[in-house]
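To keep things clear, I will list the structure first and then write my remarks on it.
These numbers come from the heavy atoms of this one structure, side chains and all, not from hydrogens, waters or symmetry mates. Remember, it's 1-based here, ligands and their atoms both numbered in the order they're listed.
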Amino acid sequence: MVGAGIVGASCAYAASRAGAQVVLTDAAIAGRATAAGAGIICPWSSHVDDAAWYGFACAAARRYPALAAELAGAGLGDGSYRQVGALIVAGDEDEAGRECERVLAMRAAEPEIGEVRVLSAGQARALFPPLRPGAPAAYIGGAARVDGRLITSALIEAARRRGARFLAGRAALTRRGGRVVGVEVDGQPVDGDVVVVAAGAWTEALLAPLGVTLVVRPQRGQIVHLSLAPADTSRWPVILPAGSGHYLLAFDDSRVVVGATRETGSGFDVRITAGGLHEVLARALAVAPGLAAGTVQDTRVGLRPAGPDVRPLLGPVRGVAGLVVATGLGASGLTTGPLAGALAAQVALGVTPDLDLAPFDPLRSRPSPVG
Ligand SMILES: Cc1cc2nc3c(=O)[nH]c(=O)nc-3n(C[C@H](O)[C@H](O)[C@H](O)COP(=O)(O)OP(=O)(O)OC[C@H]3O[C@@H](n4cnc5c(N)ncnc54)[C@H](O)[C@@H]3O)c2cc1C
């Protein structure tokens with residue numbers, strides 16, 4: 001497997017559980033998305049209008065509690081996955097009501113959405129004290145958060161315990177005829193029956209020498225971590241201001257994470273910019289002015305792997321035997337990464353995947369490479 005972000009780590013975990021011999025390699029490239037991701041798991045609030053993506057994201061959210069329990073059962077629980085609920089913060093009660101109706105309409109098909117109701121401005125502030133006064137909200141009980149760094153480390157450790165080997169270094173694909181037969185990691189050859197490429201925003205460059213053209217572009221996201229010590233933030237819900245791509249979420253250590261920019265066309269520039277920080281903090285303080293006295297604890301930047309559309313690029317690569325791609329998860333990869341990795345492992349091991357991957361063909365709408 002190339003790439004040990006949440007997708008590659010999940011793939012290594014699933015494949016090693018299935019008894020495969022796994023080598024996982026990562027170059028620790030600056031800007032890897034998993035290390036910067038916020039960690040909101042709430043596909044039901046999304047306005048994305050794509051049934052294939054929505055079904056995939058819901059399936060991914062559904063299996064998170066079991067995954068967290070599995071890791072905890074193996075003594076690798078990090079406790080960062082928690083269903084804390086989400087508030088879609090609205091301008092007035094009418095808007096909160098409309099958001100509620102929209103989410104409720106999906107609940108019959110997706111019972112994991114859990115409790116859905118309108119909260120008065122006072123009720124919303126009782127759950128998330130820094131919120132501005134006069135902001136009612138739609139509450140979604142099933143929403144959760146997770147620390148992407150912690151769960152990814154746990155997945156890698158769980159894979160290691162089942163015999164997976166981790167190799168630090170930059171991988172290049174090795175090809176013989178029309179088949180990928182392994183990788184070279186900083187010049188060291190590693191043979192394999194199948195290579196899964198989960199290299200995030202760097203996937204396009206990794207495949208280019210094979211003549212495989214797929215579209216994965218980096219979309220920069222800047223995000224800020226604030227400490228509100230000594231406040232107990234462990235049960236604070238995720239805050240999703242209606243009609244905005246920005247958000248707030250809290251972790252156990254008095255930490256509130258506010259984000260994030262979505263900088264399409266950023267290229268591989270991983271600087272944290274004045275404009276980026278200004279945007280993130282201004283949006284956060286507009287919805288939650290009570291955060292103004294928080295201490296800036298960390299600023300992070302990551303490159304979301306953005307495909308040609310919202311759907312993942314997931315499955316075998318037509319015309320190139322021995323190659324599976326798992327990327328393109330964009331803004332929702334901490335939600336969908338564990339499922340994407342598990343499905344990629346199934347494909348690599350020749351098992352029929354639990355989900356139909358036809359809509360996610362990595363080369364969709366593109367000609368097959370000459371193999
Ligand atoms: C600011 C921000 C906020 C986000 N918030 C959320 C959120 O709230 N909820 C959510 O669901 N998602 C969120 N996301 C999206 C999510 O973080 C990403 O979609 C996900 O982490 C992508 O994981 P990945 O494994 O595909 O890629 P990455 O995490 O980027 O991993 C790819 C790995 O491949 C390695 N690599 C690349 N090339 C090579 C090579 N040649 N050899 C060896 N290794 C290589 C890199 O070092 C890297 O570690 C957010 C993203 C950002 C940036």
Side-chain angles (χ1 to χ4, degrees), residues 1-12 23-43 45-46 57 60-61 64 86 143-149 151-152 155-156 166-173 183-186 190 195-209 216 218-225 238-240 245-249 257-263 266 268 270 272 276 280 299-307 310 312-314 325-341 344:
M1 266 131 234
V2 181
I6 195 160
V7 179
S10 301
C11 185
V23 179
L24 177 63
T25 173
D26 197 283
I29 302 174
R32 50 202 190 279
T34 301
I40 299 166
I41 301 173
C42 185
S45 60
S46 167
Y64 241 102
R145 47 83 163 155
V146 71
D147 183 320
R149 292 183 179 190
I151 195 162
T152 300
L155 288 160
I156 293 171
F166 183 84
L167 217 49
R170 191 137 197 158
L173 299 172
V183 292
E184 271 198 8
V185 181
D186 291 338
V190 182
V195 175
V196 177
V197 174
W202 298 271
T203 300
E204 201 178 292
L206 195 64
L207 299 189
V216 190
Q219 184 199 57
R220 183 166 68 187
Q222 303 184 52
I223 191 161
V224 178
H225 290 227
V238 171
I239 300 297
L240 304 167
H246 283 250
Y247 46 73
L248 298 78
L249 68 158
V257 177
V258 304
T261 61
R262 291 191 189 210
E263 299 169 74
S266 61
F268 290 90
V270 292
I272 293 187
V280 164
T299 53
R300 297 182 184 177
V301 60
L303 302 173
R304 301 180 187 90
V310 74
L313 305 178
L314 181 56
V325 163
T327 189
L329 304 186
S332 59
L334 294 183
T335 304
T336 56
L339 178 60

Please say whether [X] places an N or O atom under 3.5 Å from an N or O atom belonging to ligand 1.
X	answer
Gly333	yes
Ala35	no
Ile223	no
Leu303	no
Ile6	yes
Asp26	yes
Gly330	yes
Gly39	yes

What atoms in ligand 1 come closer than 4.0 Å to a heavy atom of [X]?
X	answer
Leu334	10 (C), 11 (O), 12 (N), 16 (C), 17 (O), 21 (O)
Arg304	1 (C), 2 (C), 51 (C), 52 (C), 53 (C)
Leu206	41 (N)
Gly302	53 (C)
Arg170	41 (N), 42 (N)
Gly169	42 (N), 43 (C)
Val2	40 (C), 42 (N), 43 (C)
Gly221	1 (C)

[atom]: the protein heavy-atom neighbour that sits closest, reported with distance to 0.1 Å:
atom	result
atom 29 (O) of ligand 1	Thr34 OG1, 2.5 Å
atom 36 (N) of ligand 1	Ile29 CD1, 3.9 Å
atom 8 (O) of ligand 1	Ile40 N, 2.8 Å
atom 24 (P) of ligand 1	Val7 CG2, 3.8 Å
atom 31 (O) of ligand 1	Gly5 CA, 3.5 Å
atom 50 (C) of ligand 1	Gly37 CA, 3.6 Å
atom 34 (O) of ligand 1	Gly3 CA, 3.3 Å
atom 27 (O) of ligand 1	Gly200 CA, 3.7 Å

- [ ] Between Cys42, Ala33, Ala38, flag the one that comes closest to atom 4 (C) of ligand 1 by a heavy atom.
- [x]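 When every heavy atom of Cys42, Ala33, Ala38 is considered, Ala38 comes closest to atom 4 (C) of ligand 1.
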
Open item on the list: Given Ser332, Ala171, Ala198, identify the one with the heavy atom nearest to atom 42 (N) of ligand 1.
Closed with: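 Heavy atom nearest to atom 42 (N) of ligand 1 belongs to Ala171.
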
For [X] versus [Y], what's the shortest heavy-atom pair and its separation?
X	Y	answer
Phe268	Ala201	CZ-O, 3.4 Å
Leu206	Ala172	CD1-CA, 4.3 Å
Ala340	Leu314	O-CD1, 3.6 Å
Val238	Ala144	CG2-O, 4.2 Å
Leu24	Gly8	CD1-O, 3.8 Å

When rounded to the nearest 0.5 angstrom, what distance separates [atom1] in [X] from [atom2] in [Y]?
X	Y	atom1	atom2	answer
Ile151	Ser10	CD1	OG	7.5 Å
Asp186	Thr25	CG	OG1	7.5 Å
Arg170	Asp26	CZ	CG	10.0 Å
Leu207	Trp202	CG	CH2	14.5 Å
Leu303	Glu263	CG	CD	9.5 Å

Would you find a donor on one side and an acceptor on the other, under 3.5 Å apart, between the side chain of [X] and the backbone of [Y]?
X	Y	answer
Ser266	Arg220	yes
Thr327	Leu313	no
Glu204	Val216	yes

Side chain, backbone, both or neither: [X] near ligand 1, heavy atoms under 4.0 Å:
X	answer
Ala331	backbone
Thr336	neither
Ala28	backbone

Task: Single hit among Thr299, Thr261, Val270 for side-chain contact (heavy atoms from CB on, under 4.5 Å) with Gln222 - done: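 Of all the options given, the one that passes is Thr261.
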
May I have the list of side-chain donor-acceptor pairs in residues 27-42 shorter than 3.5 Å, sequence neighbours left out?
from: Arg32; atom 1: NH1; to: Ala28; atom 2: O; distance (Å): 3.4
from: Arg32; atom 1: NH1; to: Ile29; atom 2: O; distance (Å): 3.2
from: Thr34; atom 1: OG1; to: Ile6; atom 2: N; distance (Å): 3.0

Open item on the list: Working note: Val185 + Val23, criterion side-chain contact (heavy atoms from CB on, under 4.5 Å); need CA distance, chi angles, decisive distance, verdict.
Closed with: CA-CA 11 Å; Val185 181; Val23 179; over 6 Å; no

TODO: Could you walk me through whether Ile223 and Tyr247 pass side-chain contact (heavy atoms from CB on, under 4.5 Å), step by step?
DONE: CA-CA 10 Å; Ile223 191 161; Tyr247 46 73; 4.0 Å; yes

